[in-house]
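Worksheet: the structure to be examined is printed underneath.
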Amino acid sequence: MEQEKKQPEQAEPCMPEETAHLEAIEKMIDLELLEAERTVEQMDEEYRETQLYMAEHRNEGDAKEMFQSEMALRQIDSLGTSAVLFRDKLKKTKNSPYFARIDFSPQGTGETFPYYIGLYAFHHQKQLKIIDWRAPVASMFYDYELGPAQYDAPEAHVEGELVLKRQFKIQEGKLEYAFDSSQNIQDDILQKELAHTSDEKMKSIISTIQKEQNQIIRNEKAHTLIIQGVAGSGKTSIALHRVAFLLYRFRNRLKAQNITIISPNKVFGDYISNVLPELGEEPIFEASLEDLALVQLEEGIDFVGDRNPLEPQDKAWVERVRFKATSEFVKQMDEYIERLPENAFQAEDFVFQSFSVPAEFIKSRVEIYRRYPLMKRLEQTADDIYSRLENEFLREEQPPHRTRIFQALKKMLRLKTTLAAYRDFYRWLGKPKMYVPVKKGVLEWNDVFPYLYLQSAFTGLQESRLIKHLVIDEMQDYSPIQYAVLNRLFQCPKTILGDFGQSIDPNRQYTLEELHGLYEGSQLVRLEKSYRSTYEIIHFAKSIVEQQDFEAVERHGEAPELLLCQTEEEELQRLEEKYRAFQNSQYNALGIVTRTNSQAQALYERLKDRCPGLRLVLPESTTFENGPMVLSIQMSKGLEFDEVIVPNVSEEAYHTQFDRNLLYVACTRAMHKLSLTCAGKLTHLLEGLL
């Protein structure tokens, strides 16, 4: 049911008390900012004086005094950094101190307390004037309308009544509007924010977080949280805001360096890089599966990058990829790993001088250490043999060194290396053709994570103790064996997000239910409302994939446009016309989204002279910048553009059922305007939709 809309009221003259309050807060911030500037200057001066003193007395030979000066310098540097951060936070606070106010009356108190909610908490004269949006009491702004409300504070559960909800827009210290709201995040403000043109980087959404989003952000109990969200539902932004909340909630034991995000490519990583700093937190480490493989693979083992599955490939390669991209494949590897010790190791008597350790003892010790990788088992067994011999030898005699014992045990291995075991795995399966190395010691990408999974059982992986929370984005793009390795590397809580409707790899056809099954006890949440695109664009995109399980915010715009052309030259002319129109529009970002990377390269070559300033984005690209660009569907994942053009929507280019996913992904990158062009026969997937 559509909510009744009302226009945002101007702060003056309707709410003069709020204008006065803002002026009072700004004066307090100015006082705190002045003090912060003094502190920074004082730190700078102390640092310079200490440096000068050390330079002047460097040759006087008092090592103790110089050490104390060095320690003082480090302390001043640390305090100075904190002072600068605090000063900069105050500057941001002055620009936009808060975005909401709630008045709450706790049950049984007979009093009502106002709370102003902002990006950062603000204290003046030891009194809290603005609360952080992540504070427990602030959750009521997102979760409740006027009336009964409650929140969980660290020390108690608090119930009461929410008697006022007020929203603000403050920029450059000026109150643009303020109005009371009886609904959670009134349509007015949400519509205003969604109507904006695209930003060069993903921005925070603290003023427009919806109730269902807030519950995900503040979920601190789920060990593994899986977020299935339709295109434009804000799932990546929600995950990053959840990270910011966890850093706030568990700040005594969780730091930014304890969190990693697995993201699809460097361009996307750059696009989301501003969110946490904007929320007042340090950026977190971003990595790809390729980065992890480079760190984990044993010396002497290398790999080639993945092929684009949408480009023409030989059938044997496709068969290998599909074989290794199922849950059944993981079960087969688990079964082989269970039998690995008996397949790879043949225990024999260990004989030294007149003493002998029987094979049965060695075999039993290897079995006892079953929770360790095989090579670690042999090391532990070598220690046990050493201890046994040490007890049997006379005091004046010495048993063989542990290293000698370990080397003797290694000679009992039938499979000497992980690579040998990996080849043996496919022989054991009766499918030796499923492993085809590029050359000696160089793996195809589809072999890298199966190899690592076996390596974890043979020589071991470098499990991360530093990372305490892992975020995995674009969850539908990873195979079960890749998840199996990630679970070995990171045995910490996880936030896993994506959209199985946006799968762009036809060779990885597993389901959300299968992924959910990989994480026993995990919590699955669904986001089914899209905020990115206009109603017209989402309605069109839904029709392509024949999905009915998501809805669009009622923000209207132009209907998607189809431009049918007689020739490829005419299509290029239409693309050039669209480019010129974009250059003269209010929009910031234009994405010309092709089916594959090679098509993006070819189209860019044909357009670059016609469209000066056009950029090409490829898998090796590292940054995201606003403006007009050509890129593939693969590279557009997670990004958004004011305007999107999808060229060559012909029957030749898009004709399979899987191609519906590709068109859906391409079209849902558009925020405000969508065009499709075609020279030749239009794909049957779009017939009757435009």
Side-chain angles (χ1 to χ4, degrees), residues 1-3 5 185-199 202-203 205 208-213 216 227-238 474 476 497-504 512 525-563 587-593 633 636-646 649 654 657-677 683 685-690:
M1 182 175 174
E2 189 173 343
Q3 297 175 1
K5 299 179 183 179
I185 310 299
Q186 276 288 327
D187 193 48
D188 302 350
I189 282 187
L190 185 58
Q191 290 282 357
K192 270 180 168 287
E193 294 301 318
L194 296 178
H196 285 169
T197 54
S198 66
D199 293 299
M202 183 181 282
K203 299 292 185 182
I205 58 169
T208 57
I209 292 171
Q210 306 293 282
K211 181 177 181 178
E212 70 273 15
Q213 296 173 333
I216 295 171
I227 306 169
Q228 161 61 34
V230 299
S233 56
K235 50 192 173 292
T236 300
S237 186
I238 291 166
E474 301 294 348
Q476 70 282 355
L497 59 140
D499 178 13
F500 272 77
Q502 294 186 59
S503 175
I504 63 168
L512 174 62
V525 294
R526 297 176 186 268
L527 295 169
E528 297 179 345
K529 180 176 284 189
S530 178
Y531 299 94
R532 174 189 297 138
S533 309
T534 62
Y535 178 86
E536 288 75 14
I537 292 171
I538 287 298
H539 180 72
F540 171 67
K542 282 175 61 176
S543 301
I544 297 173
V545 291
E546 301 170 347
Q547 278 188 244
Q548 303 300 323
D549 61 348
F550 70 98
E551 57 180 308
V553 171
E554 290 280 341
R555 179 175 68 85
H556 290 280
E558 298 179 35
E561 178 185 24
L562 174 62
L563 301 174
Y587 295 145
N588 296 325
L590 166 67
I592 303 176
V593 184
I633 293 170
S636 74
K637 295 279 290 292
L639 305 179
E640 61 185 23
F641 305 89
D642 294 306
E643 180 178 354
V644 165
I645 304 171
V646 186
V649 289
Y654 300 94
Q657 280 298 108
F658 185 80
D659 288 334
R660 292 184 183 277
N661 282 26
L662 303 181
L663 287 169
Y664 167 71
V665 173
C667 293
T668 53
R669 302 308 94 202
M671 297 170 62
H672 308 297
K673 193 171 182 179
L674 172 65
S675 304
L676 303 97
T677 68
T683 172
L685 303 176
L686 298 179
E687 286 179 355
L689 301 184
L690 288 162

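What you see below is based on every heavy atom in this structure, not just the backbone, and it leaves out hydrogens, waters and symmetry mates.
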**Request:** Using salt bridge (Lys or Arg N to Asp or Glu O under 4.0 Å) as the criterion, list what pairs up with Lys637, not counting sequence neighbours.
**Result:**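 By the salt bridge (Lys or Arg N to Asp or Glu O under 4.0 Å) rule, Lys637 matches Glu474, Asp477.
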
**Item:** Approximate separation, where rounding is to 0.5 Å, of Gln502 CD and Leu662 CG
**Value:**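 With rounding to 0.5 Å, CD (Gln502) is 11.0 Å from CG (Leu662).
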
**Asked** Rounded to the nearest 0.5 Å, how far apart are CD1 of Ile592 and CD1 of Ile645?
**Response**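 Those atoms lie 4.5 Å apart.
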
Student check: side-chain heavy atoms of [X] and [Y] closer than 4.5 Å:
X	Y	result
Leu685	Tyr664	no
Thr534	His556	no
Ser530	Thr668	no
Leu527	Gln228	no
Leu676	Leu674	yes
Arg526	Leu512	yes
Ser233	Glu528	no

**Message:** So which atom in Val649 and which in Tyr654 form the shortest heavy-atom distance, rounded to 0.1 Å?
**Reply:**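 So the minimum-distance heavy-atom pair works out to CA-CD1, 3.9 Å.
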
**Item:** Non-hydrogen atoms of Ile537 and His672 that approach each other most closely
**Value:**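 The pair with the smallest heavy-atom distance is CD1-C, 3.8 Å.
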
**Message:** Checking Phe658 now: which residues fulfil ring pair (Phe, Tyr, Trp, His ring centres under 6.0 Å) with it, not counting sequence neighbours?
**Reply:**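 Applying ring pair (Phe, Tyr, Trp, His ring centres under 6.0 Å) to Phe658 gives none.
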
**Item:** side chain to side chain donor-acceptor pair (under 3.5 Å) partners for Gln657, two or more places apart
**Value:**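 So Gln657 forms a side chain to side chain donor-acceptor pair (under 3.5 Å) with Arg660.
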
